[in-house]
2 protein chains.
Amino acid sequence: MGGVRRTPQRTAVLETLGRCREFVSAQELHALLAGGGSAVGLTTVYRALRALDRAGLVDVVRDETGERLYLRRPTDEHRHYLICRRCGRSQPVDARDVEAWAERLGETTGFAELEHTLELSGVCRPCRRPTAATPNGAADAGR
Amino acid sequence: MGGVRRTPQRTAVLETLGRCREFVSAQELHALLAGGGSAVGLTTVYRALRALDRAGLVDVVRDETGERLYLRRPTDEHRHYLICRRCGRSQPVDARDVEAWAERLGETTGFAELEHTLELSGVCRPCRRPTAATPNGAADAGR
DNA sequence: ACACTAGATGAAAATGATTGTCAAGACCGA
DNA sequence: TCGGTCTTGACAATCATTTTCATCTAGTGT
């Protein structure tokens with residue numbers, strides 16, 4: 001018992017996810033798999049991603065709609081990313097200060113088993129088009 | 001044009017929300033309103049909460065399922081909360097260090113219009129008591 | 001090789017929060 | 001009072017994610 005089987009589906013999921021250089025949703029991954037010839041059921045994709053998450057092999061973020069996005073984790077440690085709201089490009093950030101701060105929180109608050117999620121977003125430099133023609137149109141109209 | 005009307009429904013939402021000492025979901029708030037005699041449509045509750053969010057009058061967090069939870073903001077500045085996964089109790093934390101860190105991030109990464117959300121959770125001290133003779137009379141088990 | 005079984009698959013249906021629709025109603029200035 | 005704009009709310013639609021459940025399979029023990 002206690003076995004985690006190696007199956008073609010899981011192999012395909014992990015492999016395809018490994019080829020993605022940016023965060024992808026389960027739905028996108030499912031479409032990618034279907035397009036790539038190796039059709040894997042949507043349910044299986046979800047299950048595989050959940051397993052990978054539990055195993056600590058992927059980083060997970062939630063976009064503004066709450067949808068989960070996955071990226072195969074390059075290193076074996078917990079990371080945070082700054083993601084562009086326009087193009088979706090992600091960039092890992094050095095969050096050691098925050099990690100230390102969060103850890104200290106346990107001592108000062110009396111809370112145990114602390115967990116934290118940190119979502120960072122912005123607009124990356126390339127996406128910040130000059131918009132010279134529009135006077136004040138560039139002001140933050142959104143959200 | 002451009003007017004935000006004062007209506008009984010919005011008053012009821014804001015008032016009921018103000019009476020909640022912990023984060024509540026839109027659905028819970030809707031039920032509370034119904035139970036309290038002032039029935040407000042679920043759609044209206046959602047719209048009111050979104051408006052309050054935009055106006056900066058409430059703090060919003062997302063629980064592990066992605067559901068949005070609201071709490072009327074006591075002060076007028078952006079806050080972060082540490083929330084107990086067992087009883088739902090919330091406790092504001094001093095996150096000025098993180099705020100400063102996040103602000104600095106804009107300079108070092110070249111990203112603009114930075115936004116961040118930070119979800120902190122743990123198990124509060126009262127909840128850590130190993131199932132004694134049910135000492136949690138006050139601690140609402142709900143959510 | 002063979003049988004066996006805990007694990008794994010996936011199509012379809014269920015879940016559940018949130019949003020869109022749109023006709024009917026309410027607020028408020030003129 | 002009048003009228004147009006804002007608001008409301010029942011209902012349907014959306015959509016990611018989970019459940020269900022019948023069927024299949026990887027991998028161990030024999």
Side-chain angles (χ1 to χ4, degrees), chain A residues 1-17 20 23-55 57-58 60-71 88 117 119 142-143, chain B residues 1-17 20 23-55 57-58 60-71 88 117 119 142-143:
Chain A
M1 6 151 132
V4 173
R5 287 184 193 165
R6 154 169 294 276
T7 67
Q9 289 88 344
R10 287 183 182 172
T11 303
V13 167
L14 193 53
E15 211 169 273
T16 302
L17 186 59
C20 294
F23 281 87
V24 292
S25 67
Q27 305 276 350
E28 285 170 335
L29 194 56
H30 176 247
L32 279 173
L33 284 160
S38 46
V40 176
L42 183 56
T43 310
T44 301
V45 173
Y46 273 103
R47 279 191 287 236
L49 288 173
R50 193 156 21 128
L52 289 171
D53 181 19
R54 275 199 302 263
L57 294 173
V58 294
V60 187
V61 300
R62 305 187 81 118
D63 66 12
E64 54 272 20
T65 74
E67 186 177 13
R68 287 206 242 304
L69 305 178
Y70 302 83
L71 181 65
T117 65
E119 314 292 3
R143 108 151 7 88
Chain B
M1 9 160 132
V4 173
R5 288 184 192 164
R6 153 170 292 275
T7 68
Q9 289 87 345
R10 287 181 183 171
T11 304
V13 167
L14 193 52
E15 211 170 274
T16 302
L17 186 59
C20 293
F23 281 89
V24 292
S25 66
Q27 306 275 349
E28 285 170 336
L29 194 55
H30 175 247
L32 280 174
L33 284 159
S38 46
V40 177
L42 183 55
T43 310
T44 302
V45 172
Y46 273 104
R47 278 189 290 234
L49 288 173
R50 193 160 14 132
L52 289 172
D53 181 19
R54 276 198 300 262
L57 293 173
V58 294
V60 187
V61 301
R62 305 189 81 116
D63 67 11
E64 55 274 17
T65 75
E67 187 178 10
R68 286 202 250 291
L69 305 179
Y70 302 84
L71 182 63
T117 66
E119 313 292 3
R143 167 161 316 278

Distances under 3.5 Å between protein N/O atoms and the N/O atoms of nucleotides 28-30 of chain D, please, pair by pair.
none

Please name the pair of heavy atoms, one in [X] and one in [Y], separated by the smallest distance, quoted to 0.1 Å.
| X | Y | result |
| --- | --- | --- |
| A:Val58 | A:Leu49 | CG2-O, 4.5 Å |
| A:Val45 | A:Ala26 | CG1-O, 3.7 Å |
| A:Glu64 | B:Arg62 | O-NH1, 3.4 Å |

B:Thr16 vs B:Val24, side chain to side chain contact (heavy atoms under 4.5 Å, CB included): CA-CA, chis, key distance, verdict: CA-CA 11 Å; B:Thr16 302; B:Val24 292; over 6 Å; no
Angle between terminal axes - the helix from C:dA1-D:dT30 to C:dA30-D:dT1, 5 pairs each end, rounded to 10°: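 The angle separating the two end axes equals 30°.
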What N/O pairs connect the protein and nucleotides 24-30 of chain C at under 3.5 Å? Give each pair on its own line.
| residue | atom | partner | partner atom | Å |
| --- | --- | --- | --- | --- |
| C:dC27 | O2 | B:Arg5 | NH2 | 3.3 |

Under the side chain to side chain contact (heavy atoms under 4.5 Å, CB included) test, residues paired with A:Gln27 that sit two or more places apart: A:Ser25, A:Leu42, A:Tyr46, A:Glu67
Heavy-atom side-chain proximity of B:Thr44 to B:Thr7 below 4.5 angstrom: no
Output the distance between atom [atom1] ([X]) and atom [atom2] ([Y]), rounded to the nearest 0.5 Å.
| X | Y | atom1 | atom2 | value |
| --- | --- | --- | --- | --- |
| A:Arg47 | A:Arg10 | CZ | CZ | 8.5 Å |
| B:Tyr70 | B:Arg50 | OH | CZ | 8.5 Å |
| B:Leu33 | B:Gln9 | CG | CD | 10.0 Å |

side-chain N/O A:Arg10 vs C:dG7 OP1/OP2, d < 4.0 Å: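 For C:dG7, OP1/OP2 do not have a side-chain N/O of A:Arg10 under 4.0 Å.
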Short side-chain N/O contact from A:Gln9 to OP1 or OP2 of C:dA8, under 4.0 Å: no
Rounded to the nearest angstrom, tell me the gap between atom [atom1] in [X] and atom [atom2] in [N].
| X | N | atom1 | atom2 | result |
| --- | --- | --- | --- | --- |
| A:Leu52 | C:dA8 | CG | P | 12 Å |
| B:Leu29 | C:dT18 | CG | P | 12 Å |
| B:Leu49 | D:dG9 | CG | P | 14 Å |

Sequence-distant partners of B:Asp53, side chain to side chain donor-acceptor pair (under 3.5 Å), two or more places apart: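 Applying side chain to side chain donor-acceptor pair (under 3.5 Å) to B:Asp53 gives none.
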I'd like a list of close polar pairs between nucleotides 12-19 of chain D and the protein, N/O only, cut-off under 3.5 Å.
| residue | atom | partner | partner atom | Å |
| --- | --- | --- | --- | --- |
| D:dT17 | OP1 | A:Arg68 | N | 2.9 |
| D:dT17 | OP2 | A:Tyr46 | OH | 2.8 |

Donor-acceptor pair, side chain of B:His30 and main chain of B:Val40, under 3.5 angstrom: yes
